[in-house]
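Comments concern the structure below.
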Amino acid sequence: MKKVVTNSLRTRLLVTLLLWVVIATGATLLVANAIFRQHVEDSYHEELEVHVRELAVLTLVNEKGELELDRPLSDPRYNLPLSGFYWQVTMEGRRPLRSGSMTRGELDEHIAHSPEVLHVLEKGPTGPAITYGLIGSGPDGEEIHYVIATDQRHLDSLIQSFTRDLTIALVLLALVLLLVGYAFLGIGLRPLQRLRGAIGLLRSGERKSIEGDFPVEIAPLVSDLNVYAQQNEAMIAKSRTSAGNLAHSLRTPLAVITDEAERLASESATRESAHLLLEQARTMEQQIEYQLARARASSGMARGEHRVIVPDVAQPILKAMQRLHPEKEFHLQIEGFDKMILPIDRIDYAELLAILLDNAGKWAKSKVTLIFKADTADSLTASIHDDGPGMTDDQIERATEPGIRFDASKPGSGLGLAIAKEIADSLGLALSFKSLSSGFVGKLRYAPRSE
Ligand SMILES: Nc1ncnc2c1ncn2[C@@H]1O[C@H](COP(=O)(O)OP(=O)(O)OP(=O)(O)O)[C@@H](O)[C@H]1O
Ligand SMILES: [Mg+2]
């Protein structure tokens, strides 16, 4: 399942949008319902007011002094038994008149205590009813009470069906709003995605700056980033050049020292000191060559050099190692991919492989294998296996300190792994070693920096 990123602009905006849509549609539902109820009640009131007045007009007191209707009420529902539409006319001392629908129960005549129409909820023949009353006067001035009622359930069912339809419509509307909002978010956030792509190109070295037109809100950020990237690049170039210059300026004096030491080595009195001088001078020379190589590499670095194509990068190194250690076999093995591009300094990466392969070549009995293995689509481990004696865990821990060596029988200055560690750290690569029953392995793992 995809992880929900909580610290994301898109998630924040989506959650806000969701809340807003839910609140807005909920409020619309409540308000629309209230307005509709008001309208339905008003129209019931009006209709029943007309009916109660019609009832008053139609009611007569006949010759026998009994209440009687001139003709039935125009609405046929008053004659359907228990239809929920009822009327009643009462007069002191007379038999009350009731609608044909009222086969049981009675309406409270006291509801009509004034000539004005009243509407009150109370218990009707078939449940709660909206009741209306009117007081009129008979031929001799007697009070006649007219009452008319409609069951509350008719009104409720109207409102219920309205609520149902409205809810369906509002849910659909909310879905459409959310979809449209989601699409808007995509459009709104697109420049940020473009910026991310442009920064990726900058990091991989494919571009020298962030290119493209960006909205005014992020354009200042882009130009700040560009300035920063330029300054950074200039600073790196400058420090590499000065390291190169320093190395270069030391070269001639060192050559003089070496010459002098070689001359002294031929004299027996100074032979021992001369050898010490020569050895130290050689170490310094190696360092100087290394720094010069790096300076040369960086000054000649063209666009696109910030990428390593694996396994192509390994071929020339393996060839050189084979020449350096002719009695050992070098093998290359690739697992899980054909070609992979790492967005890091090519010269540095090649240097790292060379240091590890050189050590493996020096200490292997007969065979060295370089294995590139893709751990995921964009992370890669390079393992350098040799069938030599390896190191103990304690030795492994100290092996990357400058000048540390455990086996004097082989030539070297003890700087290789110290340099390797420094480069690996600067590239963000993980460097590790392990002794195996079958030999020794050095691992170099690249994984993209988490964003
Ligand atoms: N593959 C290996 N097998 C066994 N021992 C190793 C291996 N790699 C490194 N070592 C040990 O770690 C020490 C440090 O290695 P490092 O590469 O720093 O120095 P070096 O190879 O001796 O000299 P340099 O690389 O500077 O010429 C080595 O002297 C050696 O004792
Ligand atoms: Mg070495």
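Only heavy atoms go into these numbers, but all of them, side chains included; no hydrogens, no water, no symmetry mates. Just so you know, ligand 1 is whichever comes first in the structure, and atom 1 is the first atom listed for that ligand.
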For [atom], tell me which residue out of [options] has the closest non-hydrogen atom.
{"atom": "atom 16 (P) of ligand 1", "options": "Ile419, Leu417, Ile384, Leu356", "value": "Leu417"}
{"atom": "atom 19 (O) of ligand 1", "options": "Ala399, Pro411, Gly414", "value": "Gly414"}
{"atom": "atom 1 (N) of ligand 1", "options": "Asp407, Thr283, Asp386", "value": "Asp386"}

- Query: What do the steps show when you test Tyr44 against His154 for ring-ring contact (aromatic ring centres under 6.0 Å, His included), and what is the final call?
  - Reply: CA-CA 10 Å; Tyr44 262 75; His154 291 304; 7.5 Å; no

- Query: For atom NZ of Lys410, is the number of surrounding heavy atoms from other residues, nucleotides or ligands below 6.0 Å larger than 12?
  - Reply: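 Yes, because the 6.0 Å sphere around NZ of Lys410 holds more than 12 heavy atoms from other groups.
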
- More than 12 heavy atoms of other groups within 6.0 Å of Asp224 CG: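 Above 12, so yes.
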
- Item | Identity and distance of the protein heavy atom lying nearest atom 17 (O) of ligand 1 |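 The answer is Asn359 ND2, 2.8 Å.
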
- Among all protein heavy atoms, pick the one closest to atom 12 (O) of ligand 1 and tell me residue, atom and distance.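 Here the nearest protein heavy atom works out to Met391 SD, 3.7 Å.
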
Are [X] and [Y] linked by a side-chain donor-acceptor pair shorter than 3.5 Å?
{"X": "Ser379", "Y": "Thr376", "result": "yes"}
{"X": "His51", "Y": "Tyr78", "result": "yes"}
{"X": "Gln333", "Y": "Glu335", "result": "yes"}
{"X": "Tyr446", "Y": "Thr381", "result": "no"}
{"X": "Asp108", "Y": "Thr131", "result": "no"}

- Query: Quick check: does any side chain N or O of Arg194 sit under 3.5 Å from a backbone N or O of Asp213, one acting as donor and the other as acceptor?
  - Reply: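 Answer holds: yes.
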
- Keeping the roles fixed (side chain from Lys443, backbone from Phe433), state whether a donor-acceptor pair exists under 3.5 Å.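 No, the answer is negative, given that no donor and acceptor are paired below the 3.5 Å cut-off.
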
- Hey, is ligand 1 close enough to Trp363 that some N/O pair sits below 3.5 Å?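 Checking ligand 1 against Trp363, no N or O pair falls under 3.5 Å apart.
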
- Query: Is the shortest N/O to N/O distance between Arg405 and ligand 1 below 3.5 Å?
  - Reply: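 Such a contact does occur with ligand 1.
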
- Query: Applying a strict 4.0 Å limit to heavy atoms, is Lys410 in contact with ligand 1?
  - Reply: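 No, that is not the case, since the closest heavy atom of the residue is not under 4.0 Å from the ligand.
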
- Query: Strictly under 4.0 Å, does any heavy atom of Gly390 approach an atom of ligand 1?
  - Reply: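 The answer is yes: ligand 1 sits under 4.0 Å from a heavy atom of Gly390.
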
- Are Asp407 and Lys362 within salt-bridge range, i.e. N to O under 4.0 Å?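 Result for this pair is no, no salt bridge flagged.
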
- Message: Using a strict threshold of under 4.0 Å (side-chain N to carboxylate O), is an ion pair present between Arg207 and Glu211?
- Response: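 Here Glu211 pairs with Arg207 in a salt bridge, since their nearest N and O are under 4.0 Å apart.
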
Within a distance under 4.0 Å of any heavy atom of [X], pick out the atoms of ligand 1 and give their elements.
{"X": "Ile404", "answer": "13 (C), 14 (C)"}
{"X": "Gly416", "answer": "16 (P), 17 (O), 18 (O), 24 (P), 25 (O), 26 (O)"}
{"X": "Phe406", "answer": "11 (C), 12 (O), 29 (O), 31 (O)"}

- Relative to ligand 1, is Lys362 under 4.0 angstrom through side chain, backbone, both or neither, heavy atoms considered?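 For Lys362, the contact with ligand 1 is made by the side chain alone.
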
- Heavy-atom contacts under 4.0 Å between Phe440 and ligand 1: side chain, backbone, both, or neither?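 Within the 4.0 Å criterion, Phe440 contacts ligand 1 through side-chain atoms alone.
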
- Sort by chain and number the protein N/O/S atoms that are closer than 2.8 Å to the Mg ion (ligand 2), and list them.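 Listed by chain and number, the atoms are Asn359 OD1.
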
- Check side chain to side chain contact (heavy atoms under 4.5 Å, CB included) between Ser223 and all other residues, then give those that pass, not counting sequence neighbours.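 For Ser223 there are no side chain to side chain contact (heavy atoms under 4.5 Å, CB included) partners, ignoring immediate neighbours.
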
